[in-house]
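Computation of the quantities below employed the complete heavy-atom set of this structure, encompassing side-chain atoms and omitting hydrogens, waters and symmetry-equivalent molecules.
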Amino acid sequence: MKLLREYIRGLLTEKSIDMSDTENPNKKLKPKLDAFMAEYRSISERNPLNPRIQYWYMGKVDDEDCLVLTDLNIFDGAISFNTIQTVPRDTCEKKGFASKVMNQIVALADKHQVPMTLDAVPFGQKSLGEKELESWYRRAGFDREDEYEELMREPK
């Protein structure tokens with residue numbers, strides 16, 4: 001129920017920003033956001049089954065290919081971090097693969113001087129609860145001003 005309330009609150013408070021508006025301060029950010037996305041796509045692979053998802057091959061563990069799946073896009077003048085997930089979870093989780101990918105993505109955001117946002121909502125995997133997941137994101141530099149806002153990371 002809490003997740004549904006957060007989702008509905010997010011839908012009700014979302015504001016679309018017209019990047020073509022000359023008075024819009026985020027217009028200056030658009031080339032940086034586009035450059036970030038272009039480089040992000042160049043250092044990862046596109047999932048042929050879902051083009052929004054990029055994947056990172058992390059090697060083999062116990063004869064299984066380990067991948068980290070990510071879904072990022074531009075929304076509201078920032079890089080919106082929608083998901084990061086290690087698969088297959090039984091074999092490949094808890095090996096530091098998602099942390100390695102997160103560190104690359106955060107370094108890329110710093111390089112291009114773009115902010116990032118996300119909601120720390122676990123799904124799929126049961127290894128991390130909401131508090132543990134938020135703590136993991138905080139170690140990557142994400143923070144929130146109050147409990148109802150999404151996590152945000154300003155470039156360093």
Worked check of side chain to side chain contact (heavy atoms under 4.5 Å, CB included) between Arg46 and Arg41: CA-CA 7 Å; Arg46 187 175 66 96; Arg41 289 183 182 117; over 6 Å; no

Working for side chain to side chain contact (heavy atoms under 4.5 Å, CB included), residues Met102 and Phe81: CA-CA 10 Å; Met102 176 61 84; Phe81 204 116; 3.7 Å; yes

Criterion side chain to side chain contact (heavy atoms under 4.5 Å, CB included) on Leu67 and Met58, from CA distance to verdict: CA-CA 6 Å; Leu67 304 175; Met58 305 308 290; 6.0 Å; no

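The closest donor-acceptor contact from the side chain of Arg52 to the backbone of Asp71 lies at 3.5 Å or more, if one exists at all. Checking side-chain atoms of Asn47 against main-chain N and O of Leu49 turns up a donor-acceptor pair under 3.5 Å.
Residues Thr83 and Thr70 are not in side-chain contact: their nearest non-hydrogen atoms beyond the backbone lie 4.5 Å or more apart. Taking the side chain as every heavy atom from C-beta outward, Thr117 and Leu151 never approach each other to under 4.5 Å. No side-chain heavy atom of Phe97 sits less than 4.5 Å from a side-chain heavy atom of Val101. Side-chain contact check for Ile74 versus Phe36: every heavy-atom pair is 4.5 Å or farther apart.
Put simply, SG on Cys92 and CG on Asp62 are 8.5 Å apart, with the number rounded to the nearest 0.5 Å. For the atom pair Lys94 NZ and Ser99 OG, the distance stands at 10.0 Å (nearest 0.5 Å). Rounding to the nearest 0.5 Å places CZ of Phe142 at 4.5 Å from CG of Leu118. Separating the CD1 atom in Ile84 from the CG atom in Leu69 is a distance of 9.0 Å, to the nearest 0.5 Å. Interatomic distance, Tyr55 OH to Ser44 OG, rounded to the nearest 0.5 Å: 9.5 Å. The CD1 atom of Ile105 lies 5.5 Å from the OH atom of Tyr40; values are rounded to the nearest 0.5 Å.
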Per-pair distances, 0.1 Å, donor-acceptor, side chain in residues 108-115, under 3.5 Å, sequence neighbours excluded:
{"from": "Asp110", "atom 1": "OD1", "to": "Arg153", "atom 2": "NH1", "distance (Å)": "2.7"}
{"from": "Asp110", "atom 1": "OD1", "to": "Arg153", "atom 2": "NH2", "distance (Å)": "3.1"}
{"from": "Asp110", "atom 1": "OD1", "to": "Lys156", "atom 2": "N", "distance (Å)": "3.0"}
{"from": "Asp110", "atom 1": "OD2", "to": "Arg153", "atom 2": "NH2", "distance (Å)": "3.0"}
{"from": "Lys111", "atom 1": "NZ", "to": "Glu39", "atom 2": "OE1", "distance (Å)": "2.9"}
{"from": "Lys111", "atom 1": "NZ", "to": "Glu39", "atom 2": "OE2", "distance (Å)": "3.0"}
{"from": "His112", "atom 1": "NE2", "to": "Glu39", "atom 2": "OE1", "distance (Å)": "2.8"}
{"from": "Gln113", "atom 1": "NE2", "to": "Asp110", "atom 2": "O", "distance (Å)": "2.7"}
{"from": "Gln113", "atom 1": "NE2", "to": "Lys156", "atom 2": "O", "distance (Å)": "3.0"}

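Screening Glu132, Arg139, Lys131, Arg138 against Ser135 for a side chain to side chain donor-acceptor pair (under 3.5 Å) leaves a single residue, Arg139.
Residues that satisfy the side-chain contact (heavy atoms from CB on, under 4.5 Å) test with Lys60, not counting sequence neighbours, are Tyr57, Asp65.
Here the shortest heavy-atom pairing between Arg144 and Glu150 reads CB-O, 3.8 Å. Between Met37 and Asn73 the shortest heavy-atom distance is CE-CA, 3.9 Å.
At a threshold of 4.5 Å between side-chain heavy atoms, the hydrophobic network of Ile, Leu, Val, Met, Phe, Trp and Tyr places Met152 and Val106 in two separate groups.
Counting heavy-atom neighbours within 6.0 Å of Lys95 NZ, excluding the residue itself, gives a total above 12.
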